[in-house]
Amino acid sequence: MSGAPWRHPMYITTTIPYVNARPHLGHALELVQADVLARHHRRRGEPVRFQTGTDDNSLKNVLAAETEGVPVRELVDRNAAAFEGLRGPLDLSFDAFIRTSSHPGHRAGVERIWEATRHDLYLRHYEGLYCVGCEQFYPAGPCPDGHEAPLQPVSEQNWFFRLSRYRDALLDLIRGGRLRIEPAVRRNEVLAFVEAGLDDISVSRSAARARGWGIPVPGDPGQVVYVWWDALANYVTALQGGDYERWWVAEPRKVHLMGKGVIRFHAVYWPAMLLSAGRPLPTGIFVHDYLTAEGRKISKSSGGAADPVALVDAYGVAAVRWWLLREVPRVGDADFTEERLVARADEDLANGLGNLVNRVVTMVHRFLDGRVPVEAREEEPFEVDEAVHEALEAFDFRRAATAVQALVEQANRYVERTRPWALPPAGQEVALATLVHACRTLAVQLEPFLPTAAARVAAAVRANAEGRLPRPEPLFRRLAGSRQPV
RNA sequence: GGGGCGGUAGCUCAGCCGGUCAGAGCAUCGGACUCAUAAUCCGUGGGUCGUGGGUUCAAGUCCCACCCGCCCUACCA
């Protein structure tokens, strides 16, 4: 047996948003969180698949296209491209981007799952009030979410799924921890919901009402598959060939990230669907809360303040990612303001990290002719690896980012304590070698959070062929006062 | 209607099983330093821990009621 430790593979997904509009900061939050997890686990040597994408088949897309007066295909393509285009500006490292309307294996995959759950499907005549906004039926109006569109009276034959029979199995899974739901508040919510008893759910819609958009029900072309049934399946349909075995069956960790609004679909419907189909289940569900922007709910009308690309253009990707990671609590909504973004970036990145690297490198040049005597290093405990790992295991991105920031503060205190400029040459070597080491550690620790900035830090403290550090240059400019609000 | 979460210094928040838990960061004020992006480091002030009861030798920390904000769920017609 080889002594190499086994590295637990990890499959990380975000939800696939419907694309009736361009992405906003809330989408960026989920993507960046997933990205941090992906990079963190890759760094630990674990195989990672990080997948995201778009739900193209939602009826809301059809309605948005009608409102705009453009073909659905065109609107969906355009907005899906905007989501995929987040990759560059936000420094995302997803391995796969699935679009439910065009992924080569998706439709066939949905059809297979449909067949596999057929023993739990039955036709039932249904009359009810349908809210287009929620894509859901309600016994009576008005729509609890306050969608403006009036509820439509609908009378049709639909396919129903015997969700009711999975109550006990779901409770066992969640209580037993095989399906981990974080934070605990959300877990309790799901348990309460399931304990109260589950009704069978409708999993198809008439094709006419869906304007022919979506995936036809196998053997019943008059119906299309309920969009959630379709969308949830992406987590497995995107896994083609051996990928399905590798990332879904061979017991990797499988973690779904999502906003609190869609927890029921992921923690109840989706596991039940998989149980019915005889397929393996996800192992973890992490639920984040919502963002508001300048005190208001984020919506299409809230304007540029919530446009992640505009924010990156104005302030840089480091500032945007850092705000999302350092200021958003694990539990509870968070209010985004440009003021907070600027303050946090200047405080932590410019005055903290950037200034630290700059002062260290400057001293190396002034006192040591740019050379770093590595063997002289003092064993300062600049260790945060464990703290970061523990925080990320708990999906506590803020605690993890704070742990990295603590290293910056530690190093700055070390400078004040040792005062290298007042030391004799031998002492300067020790102090500066120690500090350069701290900066290199920082570059490593920062990578999952701010990959590009981390690379700049690494380059700033990397010796060239002659063993010299590059000339110091500011790594982060101060943002306060330097930019017009978005 | 039922269930749950939150209400702690000006601001954002930590405080798990009750006893240095009255804290951190920012902001304010004072000091130090000069290597650095007028950056950094040290220290100070400030709070009846939502309200009112209760349990206890001892309660932000447990119990009850109420007020405020929010979430989930249901629909009592």
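Numbers restart at 1 for each chain; the letters A, B, ... are given by sequence-line order, proteins then strands.
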Between [X] and [Y], is the gap from one ring center to the other below 6.0 Å?
X: A/H8; Y: A/H41; answer: no
X: A/H256; Y: A/Y11; answer: no
X: A/W323; Y: A/F336; answer: yes

Between protein and nucleic acid, restricted to nucleotides 2-8 of chain B and to nitrogen or oxygen atoms under 3.5 Å apart, what atom pairs and distances do you find?
none

Please report the distance, rounded to the nearest Å, between [atom1] in [X] and [atom2] in [N].
X: A/R413; N: B/C35; atom1: CZ; atom2: P; result: 22 Å
X: A/Y290; N: B/G69; atom1: OH; atom2: P; result: 21 Å
X: A/H365; N: B/C35; atom1: NE2; atom2: P; result: 16 Å
X: A/N355; N: B/A36; atom1: CG; atom2: C1'; result: 5 Å
X: A/N412; N: B/C33; atom1: CG; atom2: C1'; result: 13 Å
X: A/L291; N: B/C70; atom1: CG; atom2: P; result: 17 Å
X: A/L341; N: B/C26; atom1: CG; atom2: C1'; result: 16 Å
X: A/R264; N: B/A74; atom1: CZ; atom2: C1'; result: 11 Å

If the [atom1] atom of [N] is compared with that of [M], how far apart are they to the nearest Å?
N: B/U51; M: B/U61; atom1: P; answer: 11 Å
N: B/A59; M: B/G50; atom1: C1'; answer: 16 Å
N: B/U44; M: B/A58; atom1: P; answer: 32 Å
N: B/G1; M: B/G47; atom1: P; answer: 39 Å
N: B/G23; M: B/G43; atom1: P; answer: 14 Å
N: B/U28; M: B/G10; atom1: P; answer: 16 Å
N: B/C49; M: B/U8; atom1: C1'; answer: 4 Å
N: B/C75; M: B/C70; atom1: P; answer: 23 Å

- Does A/R359 make a side-chain N or O approach to OP1 or OP2 of B/U37 shorter than 4.0 Å? no

- Checking side chain to side chain contact (heavy atoms under 4.5 Å, CB included) for the pair A/E338/A/Y315: CA distance, chi angles, key distance, verdict? CA-CA 9 Å; A/E338 290 187 47; A/Y315 299 110; 2.5 Å; yes

- Note on the structure: Contacts of A/P329 and A/N358 projected onto RNA chain B by closest heavy atom; the upstream (5') one is A/P329

- Query: Quick one: on RNA chain B, does A/F193 or A/V408 contact a more 5' nucleotide (nearest heavy atom)?
  - Reply: A/V408

- With side chain to side chain contact (heavy atoms under 4.5 Å, CB included) as the test, would you mind laying out the steps for A/L442 and A/V408 before giving the verdict? CA-CA 8 Å; A/L442 264 170; A/V408 172; 3.7 Å; yes

- Item | Canonical and wobble pairing (Watson-Crick, G-U, under 3.5 Å) of RNA chain B, dot-bracket with | | (((((((..((((.........))))..((((.......))))......(((((.......))))))))))))....

Side chain of [X] - closest among [options]:
X: A/E416; options: B/C33, B/C41, B/A39; result: B/C41
X: A/W421; options: B/C33, B/A36, B/C71; result: B/C33
X: A/R419; options: B/U40, B/C71, B/U34; result: B/U34

- Message: Determine whether a donor-acceptor pair (N or O, by modelled atom type, separation under 3.5 Å) exists between the side chain of A/Q428 and the backbone of A/M363.
- Response: no

- Message: For A/A350, is there any backbone N or O sitting under 3.5 Å from a side-chain donor or acceptor partner on A/D346?
- Response: no

- Of all of residues 161-177 of chain A, which get a heavy atom below 4.0 angstrom from RNA chain B, listed by number? none

- A/V19 versus A/D55: any side-chain heavy-atom pair under 4.5 Å? no

- Message: A side-chain contact here means heavy atoms from C-beta on lying under 4.5 Å apart; do A/E30 and A/T15 qualify?
- Response: yes

- Task: In sequence, state the C-alpha distance, the side-chain angles, and the governing distance for A/W229 and A/F161, and then conclude on ring-ring contact (aromatic ring centres under 6.0 Å, His included).
- Result: CA-CA 10 Å; A/W229 224 233; A/F161 174 73; 5.0 Å; yes

Look at all strands and tell whether [X] reaches a base, only sugar-phosphate, or nothing, counting heavy atoms closer than 4.0 Å.
X: A/I263; value: nothing
X: A/R398; value: sugar-phosphate
X: A/R340; value: nothing

- Query: Applying salt bridge (Lys or Arg N to Asp or Glu O under 4.0 Å), which residue pairs with at least one partner in residues 162-174 of chain A are found, sequence neighbours left out?
  - Reply: A/D120-A/R165

- Note on the structure: The complete set of salt bridge (Lys or Arg N to Asp or Glu O under 4.0 Å) pairs with one or both residues in residues 430-442 of chain A, sequence neighbours excluded, reads none

- Message: As an exercise, state the distance from CD of A/E409 to CZ of A/R413, rounded to the nearest 0.5 Å.
- Response: 6.0 Å

- Message: Just by distance, no angles: are the side chains of A/N234 and A/T100 close enough, under 3.5 Å, to form a donor-acceptor pair?
- Response: no

- Item | Side-chain donor-acceptor pair present, A/D200, A/Y122, cut-off under 3.5 Å | yes

I'd like a table of atom pairs between the protein and nucleotides 21-25 of chain B - only N or O on both sides, under 3.5 Å - with the distance next to each one.
none

- Query: For B/G18, is chi within 90° of 0 (syn) or not (anti)?
  - Reply: anti

- Task: Test A/R371 against A/E466 for salt bridge (charged side-chain N to carboxylate O under 4.0 Å, His left out), laying out the working first.
- Result: CA-CA 8 Å; A/R371 296 172 196 281; A/E466 289 115 38; over 6 Å; no

